[in-house]
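Here the structure comes first, spelled out in C-alpha cells, and everything after it is commentary.
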Amino acid sequence: MNFDLTPEQRMIQESVRVFMEEEVAPFASEADATREFPMEYVAKMAKMGLLGMPVPKEYSGGGTDMISYILALEEIARTWAALAVIVAVHTSVGTLPILRYGSEEQKRKYVPPLAKGEMVGGFAITEPEAGSDAMAIQTKAERKGEGYVLNGAKCFISNGPDAGCLIITAMTDRSKGSRGLSTFIVEKNTPGFTIGKIEEKMGMHADVISELIFEDCYVPQENLLGGEGAGLKVALSALDGGRIGIAAQCVGIARGALEESVKYAKEREQFGRPIAKFQAIQWKLADMAVKVDAARLLVHKAAYLKDTGSRYTREASMAKLFASEAAMENATDAIQIHGGYGYTEDYVVERYFRDAKVTQIYEGTSEIQRLVIARDVIR
Ligand SMILES: Cc1cc2nc3c(=O)[nH]c(=O)nc-3n(C[C@H](O)[C@H](O)[C@H](O)COP(=O)(O)OP(=O)(O)OC[C@H]3O[C@@H](n4cnc5c(N)ncnc54)[C@H](O)[C@@H]3O)c2cc1C
C-alpha cells in the first residue's frame with residue numbers, strides 16, 4: 001500500500017494551499033458575512049482550473065484523478081468551507097452526472113462551459129416534503145409534445161440563484177415506484193423556471209441556497225438525463241460521488257479547527273504559561289489530530305475506490321459520516337480552546353463551528369449515512 005502523493009497531486013495541493021492562504025484567507029470571513037455568492041473568488045478558481053478538475057481534458061476539464069480533486073477541496077475548506085461546497089456541488093453533483101449519464105450531445109453542450117467555470121452547476125432533489133425520502137418528490141414532469149412540462153418546487157438548493165444549469169429530479173410516473181423518477185438538465189432563464197425564497201441560515205453564508213419554482217416549465221426531450229425512469233439511479237450515484245467531496249470539505253474544516261487551536265494554544269497565556277502546556281488542552285489537540293487523520297484516510301480510500309472503478313457507496317457514506325462528525329467535534333473543541341474569544345467573530349473558529357453543523361445534514365444526514373452503511377453491513 002502506498003500512501004505517498006504523486007508529484008502532480010502534491011503540486012495541486014501546494015498551489016491551492018498558497019492561493020487560499022494568500023488570496024482568500026485575509027478576506028474570507030468578511031466576504032462570507034455578506035451572504036452573497038462569491039463570484040470574484042469563484043472566477044479566480046475557474047481560472048486556476050478548479051471548477052473542472054476530474055473532468056476529462058476532451059471536455060475542457062483538468063483530467064485529474066479524484067484524489068487530486070479532494071486534496072484541492074480540503075485546502076479550500078481549510079480556509080473557507082462555503083467556497084468548497086460551491087465547488088463540490090458544482091463539480092460532483094452538478095457536472096459529473098452529465099458526464100456519466102449524458103448523451104454525447106448533452107456532454108458537448110454542458111460539460112465544457114461547466115468545467116471552464118463559464119457557468120456554475122447545481123443539483124436539486126430536495127423539496128419541502130421530500131428531504132431524506134426522495135420517493136416523496138412532488139415535482140411532476142408530464143410528457144408534452146417533444147418534451148416535458150415541469151410543475152413543483154425544490155428547496156435549499158446550493159448555487160440555485162447563480163447556476164447556469166441545474167440537474168433536477170422530478171416524478172414522471174408515480175405508479176412505477178423507484179422507476180418513476182427522472183432527471184432533467186434545466187437551464188437558467190427557461191420560461192416557467194424562477195428562483196423563490198433565498199434562505200437565511202446559521203452558517204455557510206456564501207453557499208447561497210434557494211427555492212426553485214417550476215410553473216408549466218417546458219423542458220425539451222433532449223434535456224432528459226439518463227432516460228425516463230432513471231432519476232433515482234442518477235441521483236443516488238451523484239450523491240455517492242458527492243459525499244466524497246463533502247467529506248473532503250469536512251477534513252478541511254476539522255484540520256482548520258486544529259491548526260487554529262494549536263496556534264492559539266501556543267500564544268495564549270494563563271497562570272503564567274501558554275495554555276498549550278496544560279494537559280487538558282494537549283489531550284484535546286491530540287484527539288483533534290487523530291480525527292483529522294482518520295477522516296482523511298476514509299476520504300482517500302473512497303476516492304481511491306472511485307478512481308479505480310470499484311464500488312464505493314459504503315465507503316463514501318463512511319467517509320461522509322465520520323468526517324462530518326469530526327468537523328463538528330473539532331470545531332466545538334476549537335471554540336473551547338479559544339475560550340470566550342472563540343465565541344466572538346474576531347476568530348475564524350466561530351465561523352468554522354457554524355459551517356461544520358450543516359455537513360452533518362446535507363447530501364444525506366448522518367442518520368441516512370448510517371442507514372446506507374448498515375444496509376451494506378447486514379446485506
Ligand atoms: C446549506 C444547505 C445546502 C443544501 N444544498 C442542497 C442542494 O444543493 N441540493 C439539494 O437537493 N438539497 C440540498 N440541501 C438539502 C439537504 O440535502 C436536506 O436538508 C437533507 O437531505 C435532509 O432533508 P430534510 O432537511 O428534509 O430533513 P428530513 O429528511 O426531514 O430529516 C429530519 C431528521 O429526521 C432524520 N431522518 C429522516 N429519515 C430518517 C430515517 N429513515 N431514519 C432515521 N432518521 C431519519 C434525519 O436524519 C434528520 O435528523 C441543502 C441543505 C442545506 C441546509
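Just follow the structure's listing: the first ligand is 1, and inside any ligand the first atom is 1. In what follows, residues are counted from 1 in the order of the sequence shown.
- Here the protein heavy atom with the shortest distance to atom 49 (O) of ligand 1 is Glu367 OE1, 3.5 Å.
- For the pair Glu228 and Arg143, the salt-bridge criterion is met [side-chain N within less than 4.0 Å of a carboxylate O].
- Ranking protein heavy atoms by distance to atom 28 (P) of ligand 1, first place goes to Ser132 OG, 3.8 Å.
- The shortest N or O to N or O distance between Ile125 and ligand 1 is under 3.5 Å.
- For atom 25 (O) of ligand 1, the nearest non-hydrogen atom from the set Phe123, Phe156, Tyr362 comes from Phe156.
- The hydrophobic cluster containing Val120 does not contain Ile185, counting ILVMFWY residues as joined when their side-chain heavy atoms lie under 4.5 angstrom apart, directly or transitively.
- For Tyr347 and Tyr264, the ring centers are positioned less than 6.0 Å apart.
- When atom types are taken as modelled, the side chain of Lys291 and the backbone of Arg255 share no donor-acceptor pair closer than 3.5 angstrom.
- Close approach of ligand 1 to Glu363 is summarised as follows: ligand atoms under 4.0 Å from at least one heavy atom of the residue are 17 (O).
- Residue-to-ligand polar distances keep Asp133 apart from ligand 1: every N/O pair is separated by 3.5 Å or more.
- Between Glu350 and Arg354, at least one side-chain N (NZ, or NE/NH1/NH2) sits under 4.0 Å from a carboxylate O, which counts as a salt bridge.
- Neither the backbone nor the side chain of Met204 has a heavy atom within less than 4.0 Å of ligand 1.
- There is no path of hydrophobic side-chain contacts, each under 4.5 Å, that joins Val358 to Ile244.
- Heavy-atom proximity to atom 12 (N) of ligand 1, evaluated over Thr365, Thr126, Leu371, is greatest for Thr126.
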